[in-house]
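Okay, so here's the structure we're looking at.
Quick note on labels: first sequence line is chain A, next is B, and so on, each numbered from 1. Computation of the quantities below employed the complete heavy-atom set of this structure, encompassing side-chain atoms and omitting hydrogens, waters and symmetry-equivalent molecules.
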2 protein chains.
Amino acid sequence: MIQSSNIHVQCRQTAIAINDAMELLAGKWTPRVIMALLVREILCFTELKKEIGGVSSKVLSASLKRLEQHLIVERNVLPIQTGKVEYQLTDHGKSLEKLLEELSITGVKHRIVLTGRNVTENARVEVKLYGTKNAL
Amino acid sequence: MIQSSNIHVQCRQTAIAINDAMELLAGKWTPRVIMALLVREILCFTELKKEIGGVSSKVLSASLKRLEQHLIVERNVLPIQTGKVEYQLTDHGKSLEKLLEELSITGVKHRIVLTGRNVTENARVEVKLYGTKNAL
DNA sequence: CAGCATCCATCGAGATACTG
DNA sequence: CAGTATCTCGATGGATGCTG
């Protein structure tokens, strides 16, 4: 109670920062795009599309445009004739690797926690995690 | 090219883990709920609602239920008469603090990057970040 | 107090087809 | 090749009102 105002201010700032970061990585395909570019470094549109797999042109295009606006991705239209466009991460984009790792660690751990105990009770949760969305 | 299959497999696993983690923190209020419980440790429904501010009963209720299913939050119905329900983080829930910090760091840094250069070009982005969603 | 029921607006994303 | 244009659908969240 006594410390509430301080905590409130700080938490609110932090919460906003967290929301910024979440928004940055939001969208079903955003992390995958960044990962692909972390590994491959430079890819053009169709390569990226194949690399990721399952994403439509429209959605990928929108995703890239957003990342470009956020200065995560750099878009380079190649010289005439080729008709290709290359994408690569900016330095800022590359700096997201650490966060993605942290997310990955949490994701893995979470899956272990969920499946490690009381399977019956968490059946629905499991279905959600394994069945619908993130199936291999 | 040569290493592609390996990378593919590994990346896919990682991508799924990342999606799990993102899904875990998904929902507009989820990070705020976790933060509130990290700071306050134990809160009942209405306290939580006030602490967060701006969230409706319905949405908060749904958010808590989801977190409970994911073993992030523990729900304790208090003895008779009080009619209160307490919420607190599980150990697993508490372990999310590190990830939230990392997200916060990225969020802060991102805001600096976006506002640090070429303001004109990124006006739209700024509006998005400051105006609509994450305004103070 | 805690939370559910209902209605409604918005939005992300998939499918499909088309263009410079 | 690198997108854009529609259209549709489902999920999310806000507002409001009601209950044990």
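For A:Ser61, a side-chain nitrogen or oxygen approaches OP1 or OP2 of D:dT4 to under 4.0 Å. An OP1 or OP2 oxygen of D:dG3 is reached within less than 4.0 angstrom by no side-chain nitrogen or oxygen of A:Lys65. A:Lys58 has no side-chain polar atom (N or O) that falls below the 4.0 Å cut-off from OP1 or OP2 of D:dA2. For A:Thr46 and D:dA2, the shortest distance from a side-chain N or O to OP1 or OP2 is below 4.0 Å. A sub-4.0 Å separation between OP1 or OP2 of D:dC1 and a side-chain N or O of A:Tyr87 is absent. OP1 and OP2 of C:dA13 both lie 4.0 Å or more from every side-chain N or O belonging to A:Arg66.
Whole-Å rounding puts the A:Phe45 CZ to D:dC1 P distance at 10 Å. Distance CE (A:Met22) to P (D:dG13): 11 Å, rounded to an integer number of Å. What separates CD of A:Glu47 from P of D:dG3 is a distance of 13 Å, to the nearest Å. Atom NZ in B:Lys50 sits about 9 Å away from atom P in C:dA2, given to the nearest Å. Atom P of nucleotide C:dG3 and atom CG of B:Leu60 are separated by 8 Å, given to the nearest angstrom. Atom CZ in B:Arg32 sits roughly 15 Å away from atom C1' in D:dG13 (whole-Å rounding). One interatomic measurement links the two molecules: CH2 of A:Trp29 to C1' of D:dG3, which rounds to 18 Å at whole-angstrom precision. Protein atom CD of A:Glu23 is 14 Å distant from nucleotide atom P of D:dG13, rounded to whole Å.
Closest approach of A:Leu37 to A:Tyr87, counting heavy atoms only: CD2-O, 3.5 Å. Annotation for B:Ser104 and A:Ala17: closest pair O-CB, 3.5 Å, computed over non-hydrogen atoms. The nearest pair of heavy atoms linking B:Ala26 to B:Arg66 is O-NH1, 3.3 Å.
Side-chain proximity of A:Ser57 to the nucleotides D:dG14, D:dT4, C:dG14 is greatest for D:dT4. Closest to the A:Val59 side chain, of the nucleotides D:dG3, C:dG14, C:dC1, is C:dG14. Nearest to the side chain of B:Val85, among D:dG3, C:dA2, C:dG14, sits C:dA2.
A side chain to side chain contact (heavy atoms under 4.5 Å, CB included) with B:Leu67 is found for one member of B:Ile72, B:Leu25, B:Leu89, B:Thr90 and no other, namely B:Ile72.
Summarising the geometry, atom CD belonging to B:Glu97 is positioned 9.5 Å from atom CE belonging to B:Met35; distances are rounded to the nearest 0.5 Å.
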